[in-house]
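These notes concern the structure reproduced below.
Ligands are counted one by one from 1 in listed order, and the atoms in each one are counted from 1 as well.
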Amino acid sequence: MNDTELLATARAAAEHAYVPYSNLRVGAALIGASGAIYTGANVENAAYPSTLCAEAVAIGHAVASGERAIESLAVVSLDLTAIFPCGQCRQRMSEFNVQRVIMEDPTGDPECHSLEELLPGRFTDWRRGSTST
Ligand code: THU
């Protein structure tokens, strides 16, 4: 699946967003190391901090299905021209070594970023003897 198709898959997932509070529909789609595709949409909550981001749902879906590494992850909003993943989701991506983060540029074309660009000096498992990669 190419980046344009992955963005389209994320866009379709965003249709299922549950967003009574922000009305900001976000969708994510990722390709796991196995090659399988997983999707997520944001799921809000009356207790606002209990909200789940679209990326968190997609990553949870992938990991709970047996994936331990992620190749590409696309994130898109139906209500914003460009959306960048929040800091917590960048850290979640770090845990599973997301190689490529795909977003839409202002014209709607795919734009690819590395995690090193999005989360430089990231914290990784301290038990492996390093605080960053
Ligand atoms: N949101 C995401 O789903 N992903 C992000 O990376 C940024 C924010 C959601 C959370 C909340 O439902 C809404 O966007 C507004 O913050």
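Atoms of ligand 1 lying under 4.0 Å from any heavy atom of Ser22, numbered from 1 in the order shown and given with element: 13 (C), 15 (C). Every atom of ligand 1 with a heavy atom of Glu55 under 4.0 Å away is listed here by number and element: 2 (C), 3 (O), 4 (N), 5 (C), 6 (O). Close contacts between ligand 1 and Leu24 involve ligand atoms 14 (O), 15 (C) [criterion: under 4.0 Å to a heavy atom].
Looking only at protein heavy atoms, the nearest one to atom 9 (C) of ligand 1 is Asn42 ND2, 3.4 Å.
With a 6.0 Å radius and a threshold of 12 heavy atoms from other residues, nucleotides or ligands, Gln88 has its CD atom at or below the threshold.
In this structure, the side chain of Glu95 does not engage the main chain of Arg92 through any donor-acceptor pair within 3.5 Å.
Atoms CE and CD1, on Met93 and Ile59 in that order, are 5.5 Å from each other to the nearest 0.5 Å.
Any N or O atom pair closer than 3.5 Å counts here, and Ala54 shares at least one such pair with ligand 1. Checked by distance only, ligand 1 and Pro85 stay at 3.5 Å or farther apart across all their nitrogen or oxygen atoms. Checked against a 3.5 angstrom limit, the closest N/O atoms of Glu44 and ligand 1 fall inside it.
Using a 30° and 60° split on the angle between ring planes, Tyr38 and His61 fall in the perpendicular class, above 60°.
Distance screen at 4.0 Å: atom 16 (O) of ligand 1 has no protein heavy-atom neighbour inside the cut-off.
A side-chain contact (heavy atoms from CB on, under 4.5 Å) with Ser72 is found for one member of Asn2, Leu30, Leu6 and no other, namely Leu6.
A heavy-atom distance below 4.5 Å is found between the side chains of Thr9 and Ile37.
There is no side-chain donor-acceptor pair under 3.5 Å between Glu104 and Thr81.
Both the backbone and the side chain of Cys53 come within 4.0 Å of ligand 1, counting heavy atoms alone.
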